[in-house]
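One structure is given below, encoded as structure tokens.
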Amino acid sequence: MNNGCGPARSPLIIDQPEDHLDNSYIFHTVVPSLKKVKTGRQMIFATHNPNIPVNGEAENNLVLTADGCRGRVALQGDLNNRQVKDALNWLRQWQWPGTEAPGASITLKASVPGVTG
């Protein structure tokens, strides 16, 4: 997945891919490609879509919160960290109640259970 923007070993930074790509395309095409590339390249995503880190098996997740003036890291860890996994699963269920399928993107809210602003 070399897009010509730099050497394949340099970090790949992607800001909110859900803003410009259909979620089904992200789920079925982008995430599988990223899983192959991540073994040899650092990737940094800023996303409101919990399916990207969950289905992409992200190794380090930063769950952010804000109080209206400032943002901060509320939780950090991999998907084995129960609090991180619970926050991402809560967002996915809030985003698509009753389903694990991909859907529309959301904005991370400060009201994630167990996460304080």
Side-chain angles (χ1 to χ4, degrees):
M1 188 169 173
N2 189 348
N3 62 3
C5 294
R9 292 272 186 220
S10 64
L12 176 63
I13 300 171
I14 300 177
D15 185 20
Q16 293 183 250
E18 66 272 12
D19 285 356
H20 303 289
L21 297 174
D22 175 69
N23 201 50
S24 179
Y25 181 80
I26 290 171
F27 184 78
H28 294 290
T29 305
V30 174
V31 169
S33 296
L34 293 173
K35 286 170 81 171
K36 291 177 189 173
V37 172
K38 78 175 192 172
T39 60
R41 186 172 192 180
Q42 180 183 23
M43 294 184 294
I44 301 167
F45 279 82
T47 182
H48 298 262
N49 185 331
N51 278 320
I52 293 172
V54 172
N55 294 319
E57 299 170 3
E59 295 167 8
N60 188 21
N61 300 278
L62 296 154
V63 179
L64 306 177
T65 188
D67 63 9
C69 294
R70 293 189 187 113
R72 69 173 185 85
V73 176
L75 300 168
Q76 180 178 358
D78 65 16
L79 296 174
N80 292 318
N81 178 314
R82 177 46 90 192
Q83 288 182 306
V84 169
K85 189 173 184 176
D86 287 349
L88 293 172
N89 282 331
W90 180 85
L91 286 170
R92 189 162 39 174
Q93 291 170 8
W94 182 79
Q95 190 173 3
W96 308 291
T99 182
E100 292 293 317
S105 64
I106 62 166
T107 301
L108 180 62
K109 303 291 183 186
S111 59
V112 175
V115 176
T116 58

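Count residues from 1 along the sequence.
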Original post:
Quick one: do Val30 and Ile13 end up in the same hydrophobic cluster if we chain Ile, Leu, Val, Met, Phe, Trp and Tyr together by side-chain heavy atoms under 4.5 Å apart?
Top reply: no
**OP:** Using a 4.5 Å cut-off on heavy atoms from C-beta on, say whether the side chain of Ile52 contacts that of Pro17.
**Re:** yes
**OP:** Provide the closest heavy-atom pair for Gly77 versus Val84 in the form atom of the first, atom of the second, distance.
**Re:** N-CG2, 3.7 Å
**OP:** Quick one: list whatever passes side-chain contact (heavy atoms from CB on, under 4.5 Å) with Arg82, sequence neighbours left out.
**Re:** Lys85, Asp86
Original post:
Closest heavy-atom contact between Pro53 and Thr47?
Top reply: CD-CG2, 4.2 Å
Original post:
Between Asn61 and Gln76, is there a donor-acceptor pair closer than 3.5 Å when you use the side chain of the first and the backbone of the second?
Top reply: no
Subject >> Closest non-hydrogen atom pair between Ile44 and Gln42, with its separation >> reply: CD1-NE2, 4.2 Å
Original post:
Could you give the distance from CG (Asn60) to CG (Asn81), rounded to the nearest 0.5 Å?
Top reply: 10.0 Å
Subject >> His48 backbone acceptor or donor facing Glu18 side chain under 3.5 Å >> reply: yes
Subject >> Min side-chain heavy-atom separation Val73-Leu64 under 4.5 Å >> reply: yes
**OP:** Report yes if some heavy atom in the side chain of Ser10 is under 4.5 Å from a heavy atom in the side chain of Arg41; otherwise report no.
**Re:** yes
Subject >> Heavy-atom closest pair, residues Leu88 and Leu79 >> reply: CD1-CD2, 3.6 Å
Original post:
When rounded to the nearest 0.5 angstrom, what distance separates OG1 in Thr29 from CG in Leu21?
Top reply: 9.5 Å
Original post:
Got a sec, which pairs hit salt bridge (charged side-chain N to carboxylate O under 4.0 Å, His left out) with one end in residues 44-64, sequence neighbours left out?
Top reply: Lys35-Glu57, Lys38-Glu59
Original post:
Are Asn51 and Ile26 close enough that some pair of their side-chain heavy atoms sits under 4.5 Å apart?
Top reply: no
